[in-house]
There are 6 protein chains.
Amino acid sequence: MPPVIYVINPNSSTDVTAGIDAAMAPLRVVGGLSIECLTLAEGPPGIQTQRDVDGVVVPLLALARSLEARAAAFVIACFSDPGLHALREATAKPVFGISESAALTAMTLGQTFGVIAILGTSIPRHLRGWGAMGIRDRLAGEVAIGVEVTDLARGGTLDRMIAAGMRLRDEHGAQVLVMGCAGMAGFRDALQAAV
Amino acid sequence: MPPVIYVINPNSSTDVTAGIDAAMAPLRVVGGLSIECLTLAEGPPGIQTQRDVDGVVVPLLALARSLEARAAAFVIACFSDPGLHALREATAKPVFGISESAALTAMTLGQTFGVIAILGTSIPRHLRGWGAMGIRDRLAGEVAIGVEVTDLARGGTLDRMIAAGMRLRDEHGAQVLVMGCAGMAGFRDALQAAV
Amino acid sequence: MPPVIYVINPNSSTDVTAGIDAAMAPLRVVGGLSIECLTLAEGPPGIQTQRDVDGVVVPLLALARSLEARAAAFVIACFSDPGLHALREATAKPVFGISESAALTAMTLGQTFGVIAILGTSIPRHLRGWGAMGIRDRLAGEVAIGVEVTDLARGGTLDRMIAAGMRLRDEHGAQVLVMGCAGMAGFRDALQAAV
Amino acid sequence: MPPVIYVINPNSSTDVTAGIDAAMAPLRVVGGLSIECLTLAEGPPGIQTQRDVDGVVVPLLALARSLEARAAAFVIACFSDPGLHALREATAKPVFGISESAALTAMTLGQTFGVIAILGTSIPRHLRGWGAMGIRDRLAGEVAIGVEVTDLARGGTLDRMIAAGMRLRDEHGAQVLVMGCAGMAGFRDALQAAV
Amino acid sequence: MPPVIYVINPNSSTDVTAGIDAAMAPLRVVGGLSIECLTLAEGPPGIQTQRDVDGVVVPLLALARSLEARAAAFVIACFSDPGLHALREATAKPVFGISESAALTAMTLGQTFGVIAILGTSIPRHLRGWGAMGIRDRLAGEVAIGVEVTDLARGGTLDRMIAAGMRLRDEHGAQVLVMGCAGMAGFRDALQAAV
Amino acid sequence: MPPVIYVINPNSSTDVTAGIDAAMAPLRVVGGLSIECLTLAEGPPGIQTQRDVDGVVVPLLALARSLEARAAAFVIACFSDPGLHALREATAKPVFGISESAALTAMTLGQTFGVIAILGTSIPRHLRGWGAMGIRDRLAGEVAIGVEVTDLARGGTLDRMIAAGMRLRDEHGAQVLVMGCAGMAGFRDALQAAV
């Protein structure tokens, strides 16, 4: 069986997984590796607290272990990168977290990046992450939209994201915007067009 | 019932808990708060990997919740500070981690501190922690002694700790030494005398 | 004679010392150490310039030396921490400065802290201090209220502090507020309630 | 015509280009993008000084412009990333530099990385680059082997690289090694096996 | 022949050179070194992109080489400091760049400095420079006035500079203002008076 | 009367002042400003502790005030820069400290600098200073020679300085050496020749 890139959504919302899956479309090229998006059944509906982050690591590692034989790589599709370092210790396969990857990619697109967070309480957790990565000097700032993960698909999210993006650009000097939640995947093009 | 400071050893080694308990002696003053040291039964024998760290958070939060009514404060007695931020989100009581507390105290005792780690694989995890705390400039360096948590009580540990401490002092310029594992608690006086 | 924690107000305003003394109340527990608040007679009415800071060190050291036999610890109760490192070199007793202690405590309460300074000219001095401590990444910002130390007890101070606190929280992203002058001690509860 | 990833060696040594081309082999997958390695005829035999770095930018931009219509992306294959930001300003196509890319990749493989530089005079230039990227906290250190670019293919290079790698690992605490010159591409496997 | 301090304007606008020359007046003291301001004929009218910066290095080095025998020192009079490190490698004479010099001088005048940039696209380039210098903690921020180098002498520039200066002072907390273009030299006194 | 640059040695050792005066020779050019080196009679024989540093500020400010009318600038000739910020607040004349000036100059001569300290106890004080300046990333390290200020003129100092300099260069990667005491002024040429 050909190797697969496993993209694991560590929350249990299949809507979020579907949104991630749709966002993978441009990466599914003929002859390329297969990409499978999975939902972590044991996860909470949204990962919003540090407890949510820490709590999904054990089941996420178990799921990854069951997939390891076929895995070309693992992608942890939650902006808090739960289990990123634990999974790296546990497998020899490449492991990516969407938060770390977003930041490293943003660093090739501009000198400073700004993050649109879901909740104000997410920001301290993100700041710890950028500090752990040693890249605080590249962060312009973070602005929260105040919407829970499970409410992202309701109306109003895009408008709030655009407002947050403009504030990051104009007040914080962000040259690149990073969407701080996997559940925002579907808003990328509209956000980019507006900002 | 009077309030209690709960010191939770998140690994399941009662030997380590006993060592922590003994180290509390000078803090048990007449009229002061009661201090109780507990072992997390669900923890691994030693917390040595990122998986160990993340994996104990859920049972540790459950234990803390069961103690909360009487708690004056919680101390997480593992140098990886598992669940520190998760427990802070979950309780209004003060929460301390021995790694964070050790670093902040060391910062009042000298300009740079060095850490004696148990294993080389612990060092990247610690570095992420110092980065998240934004205090990398205060760290002189880390040196590992290459001893597993459950082997700390066997012979040879003190000698390795003294050698590591001298290297941190002489090569890395550490002005303060931090013992990077709760299981090292009993070696403090001998280490200080030797270095 | 039992040991005493000496809290030294290095300015000569007994009003400020009285405010500090009142703020010590919750720390005076039965069976705990005695806490004595002293005024440095040789100090200026308020410590507002770098000259004020440097100028009180010699008399402050003399006062501490006269108290050393009975001292359990020294606390330098001025937000510029005058003589902190000089006193640490001169005594084996623990020495705390309220600025350093405030910052280290704030670092356990949130990821970023903001400082309410008395004067705009205090801010560069504070920034040098945070830089010397290596914790600039934890500082959200500083906002001055433009009130001299000796005028803090007059009307209007609290309103200015609340306005500064809100600006630090909303514009600078501060998660914890630090009051940048010992003379603000009495406003703590009202500020916390308002912000 | 299908799009091409252009890998430009900005020095004029076709040997170096051939080595880069050979190192591309594992990336040339069926169905993947075509990868073409080019030599900048106007470049010096090796890029070893800041003048060399700055001096190749104008011809490199001209070469890139001539290729732009077909380009899927550009890779500047010199560890000083000459013209990286200039080319990013000039084209909408993705532009990668091997130094920036090496560092960002190393940051996903370990907490600290060490660089094996060709000459001692390269190190200050690299340090400016890591500082500009804001990632100095992730750098364990740099060790030079003292071999000019055009001499890398002669005997002794690998031994020096292994010695430098061991020193970076054991004295500087590097968890990942980065080879600081495109001309070292052929030594990767042997270095990894030895260190 | 007596030694000369050569101030090289690396753009080809003789107006800018004349402005620099006028600004040298207070430094031309009896008995002091002679100061000559030169225009780099090969330069673009204004240095506004990274390509402009990198592109002038080769002719700038050639010009410096032709002057070296008589040179007491070289000053590169462009805020992007083109060729600063290349010229330092090429000559034993002291080499100064006005950006580096401005920042180091500003660091003796206040704890934080703000930069008035010409264009928004200049800011990322400046940020890379401050990062390479390792002084990001001293930068309060940058604000662009949106005026091209060749338009600086037209009306409206001073008003925009004053507005930018006030924003840097009031919103970013800048204690010192740095004018981010050699072409702004003539506005110094008026800016200082207004801000 | 023509203006004078006052170079104040804040310790009371006239030998040190004489050494500083001799080192001024190349700066005394025909037509240039007059340079006068003064000894602070109230200072200790050598400034070696934080108490020494803080303790000289009041008399130093008094001396400067008495000189202010004629002063073109003040130079505080002690590597701890005592009173630097206090004097800057007190006078409109330029004030330089030899530590700050040495570091800023070193930053134009190489990417990293190393400091030869007199005593091990000086190093934490210096580190606080580099932190306050926000330039810790430019410091390669510090090595102490273990010689008191008043013993610097005795035999053996140069040999120890050379050994320290070589260690800073070879182990710490320092590209520029800074002599960390005004009393070392006479050893500059011999040190440079040897290292």
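Chain letters run A, B, ... following the sequence lines, proteins first, then strands; residues in each count from 1. If you're wondering where the values come from, they're calculated on a predicted model, not measured in any experiment.
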- Query: Going through the distances and angles, do E:R125 and D:E89 end up as a side-chain contact (heavy atoms from CB on, under 4.5 Å)?
  - Reply: CA-CA 11 Å; E:R125 192 167 64 245; D:E89 287 176 354; 4.3 Å; yes
Rounded to the nearest 0.5 Å, the CG atom of D:L87 sits from the CZ atom of E:R51 at a distance of 11.0 Å
When every non-hydrogen atom of D:D54 is compared with those of E:G83, the smallest separation belongs to OD2-CA, 4.3 Å
Inset, instruction - Answer yes or no: are there more than 12 heavy-atom neighbours, outside E:R70 itself, under 6.0 Å from its atom CZ? - result: yes
Check: When you check the side-chain N and O atoms of D:R128 and E:H85, is any donor under 3.5 Å from an acceptor?
Finding: yes
